[in-house]
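Below, chain A is the first sequence line, B the second, and so on; all start at residue 1.
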Protein chains: 2
Amino acid sequence: MRLSRAGEYAVRCMLYLSMAGKGVLVRRKTVAREMDIPEQFLGKIAQQLARAGLMEIVQGAKGGFRLMVFPEELTLLAVVEAVIGEIFLNDCVLRPESCHRSPDCKVHQVWTEARDRFRESLQKATFASLMDCR
Amino acid sequence: MRLSRAGEYAVRCMLYLSMAGKGVLVRRKTVAREMDIPEQFLGKIAQQLARAGLMEIVQGAKGGFRLMVFPEELTLLAVVEAVIGEIFLNDCVLRPESCHRSPDCKVHQVWTEARDRFRESLQKATFASLMDCR
DNA sequence: ATAAATAAGATCATTTTTATCCTATATATA
DNA sequence: TATATATAGGATAAAAATGATCTTATTTAT
Ligand code: SF4
Ligand code: SF4
């Protein structure tokens with residue numbers, strides 16, 4: 001019940017891009033080195049972040065990554081879920097039909113509410129507020 | 001980022017024992033059948049629950065499981081953590097030394113607080129309140 | 001044209017998860 | 001006491017998820 005390494009790397013990557021600023025091109029190699037992320041692996045993760053519209057990938061010489069949203073609009077939740085998928089905590093929260101008890105299971109309700117609160121807490125955290133991480 | 005199957009099975013097992021009542025012996029086979037848990041796997045999970053002092057295992061003919069605490073005192077958090085270990089959400093929350101940024105990383109703070117809130121929500125849920133799941 | 005840089009698919013290693021098998025042990029009861 | 005019943009516990013295994021790298025292709029600045 002923990003964030004995957006890929007998820008953590010995604011956050012660090014977006015943190016670096018946020019510090020550079022929206023639209024500013026940063027080389028993949030730089031992000032990898034500065035944020036301690038295996039460069040090739042970062043490439044994979046970046047694809048997911050780009051597909052989610054959070055960054056843009058520029059190919060070719062002088063290529064790299066470019067933040068596509070304002071840090072003020074970018075949340076920890078968006079970044080994490082772009083990589084690990086929507087957080088649901090327990091199978092039955094995502095697919096109630098996976099357990100015949102779900103219609104009136106109190107545990108199911110607890111998980112559902114816990115998920116909501118949890119996602120809210122990650123949504124409240126914007127990169128604008130996170131990036132002055134020194 | 002989801003509860004393991006073992007964790008979910010543990011909850012269902014304790015749910016069944018709670019409905020039977022503290023101290024009441026229930027056969028492993030019954031719990032497995034009623035709660036849709038592979039019986040041998042349940043055996044393994046029960047060992048962890050027993051080690052945590054939440055239930056007792058009785059060997060021999062007419063053996064089985066027995067709830068050792070009042071459902072009012074048993075929390076979802078205790079059951080889940082007995083099986084999957086303490087919830088920490090992100091590595092650096094458990095071991096800050098795993099990332100040199102942790103001392104003043106805002107993201108680290110968010111994860112730490114999210115973990116606290118999350119654990120609280122699972123701690124508030126006692127089996128007394130969960131078991132009238134029908 | 002060349003060099004620099006990332007893309008994308010394939011592949012691989014490791015770890016975690018989810019079990020099951022098998023032998024041992026404990027206990028009720030005939 | 002012998003037997004049947006039921007769980008313990010270690011070993012093992014299959015499957016899935018995770019973490020990462022390799023290779024070839026493609027893009028783009030110069
Ligand atoms: S028993 Fe309740 S919490 Fe568990 S899987 Fe079924 S619906 Fe979900
Ligand atoms: S960057 Fe921050 S959140 Fe990520 S591992 Fe380091 S301390 Fe934790």
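Comparing B:E39 and A:F65 by the nucleotide of DNA chain C that holds the closest heavy atom to each, the one mapping nearer the 5' end is A:F65.
Note: CE (A:M1) to C1' (D:dT18) measures 17 Å, nearest angstrom. Distance, A:L25 CG to D:dT27 P: 18 Å, rounded to whole Å. Rounded to whole Å, the distance from CD1 on A:I45 to P on C:dT6 is 15 Å. Whole-Å rounding puts the B:L49 CG to D:dT7 P distance at 15 Å. Between the CZ atom of B:F41 and the C1' atom of D:dT7 there is a distance of 17 Å, rounded to whole Å. Atom C1' of nucleotide D:dT28 and atom CZ of A:R27 are separated by 14 Å, given to the nearest angstrom. Rounded to whole Å, the distance from CG on B:L42 to P on D:dA6 is 15 Å. Rounded to a whole Å, the CZ atom of A:R28 is 11 Å from the C1' atom of C:dA8.
Within residues 5-12 of chain B, the residues having any heavy atom closer than 4.0 Å to DNA chain C are, in order of number, B:R5, B:A6, B:Y9.
Contact check on A:K29 versus A:E39 returns no salt bridge, with no Lys/Arg side-chain nitrogen under 4.0 Å from an Asp/Glu carboxylate oxygen. For A:R117 and A:E120, the salt-bridge test passes: some basic side-chain N is under 4.0 Å from an acidic carboxylate O.
With rounding to the nearest 0.5 angstrom, the CE atom of A:M55 is 10.5 Å from the CG atom of A:L25. With values rounded to the nearest 0.5 angstrom, A:T126 atom OG1 is found 10.0 Å from B:K106 atom NZ.
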Which pairs, protein N/O on one side and nucleotides 10-12 of chain D N/O on the other, fall under 3.5 Å?
{"residue": "D:dG10", "atom": "N7", "partner": "B:K44", "partner atom": "NZ", "Å": "2.9"}
{"residue": "D:dG10", "atom": "O6", "partner": "B:K44", "partner atom": "NZ", "Å": "3.1"}

Working for side chain to side chain contact (heavy atoms under 4.5 Å, CB included), residues A:Y16 and A:M19
CA-CA 5 Å; A:Y16 195 83; A:M19 291 190 283; 4.3 Å; yes
Trace of the side chain to side chain contact (heavy atoms under 4.5 Å, CB included) decision for A:S18 with A:L67
CA-CA 7 Å; A:S18 293; A:L67 187 64; 3.9 Å; yes
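Residues passing the side chain to side chain contact (heavy atoms under 4.5 Å, CB included) test with B:V83 are B:A6, B:A10, B:I45, B:Q48, B:L49, sequence neighbours excluded.
Listed by chain and number, the hydrophobic cluster partners of B:M68 come to none, as no ILVMFWY side chain reaches under 4.5 Å of it.
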Nucleotide by nucleotide, 5' to 3', does protein get under 4.0 Å of the base (B), only the sugar-phosphate (S), or neither (-) in nucleotides 22-30 of chain C, counting heavy atoms?
B--BBBSS-
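For residues 72-87 of chain A, the salt bridge (charged side-chain N to carboxylate O under 4.0 Å, His left out) pairs, not counting sequence neighbours, are A:E81-A:R119.
Without hydrogens or angle criteria, B:R66 side chain to B:G23 main chain gives a donor-acceptor distance under 3.5 Å.
Using the six-membered ring where Trp is involved, B:F118 and A:F118 have ring planes that are parallel, under 30° apart on the 30 and 60° scheme.
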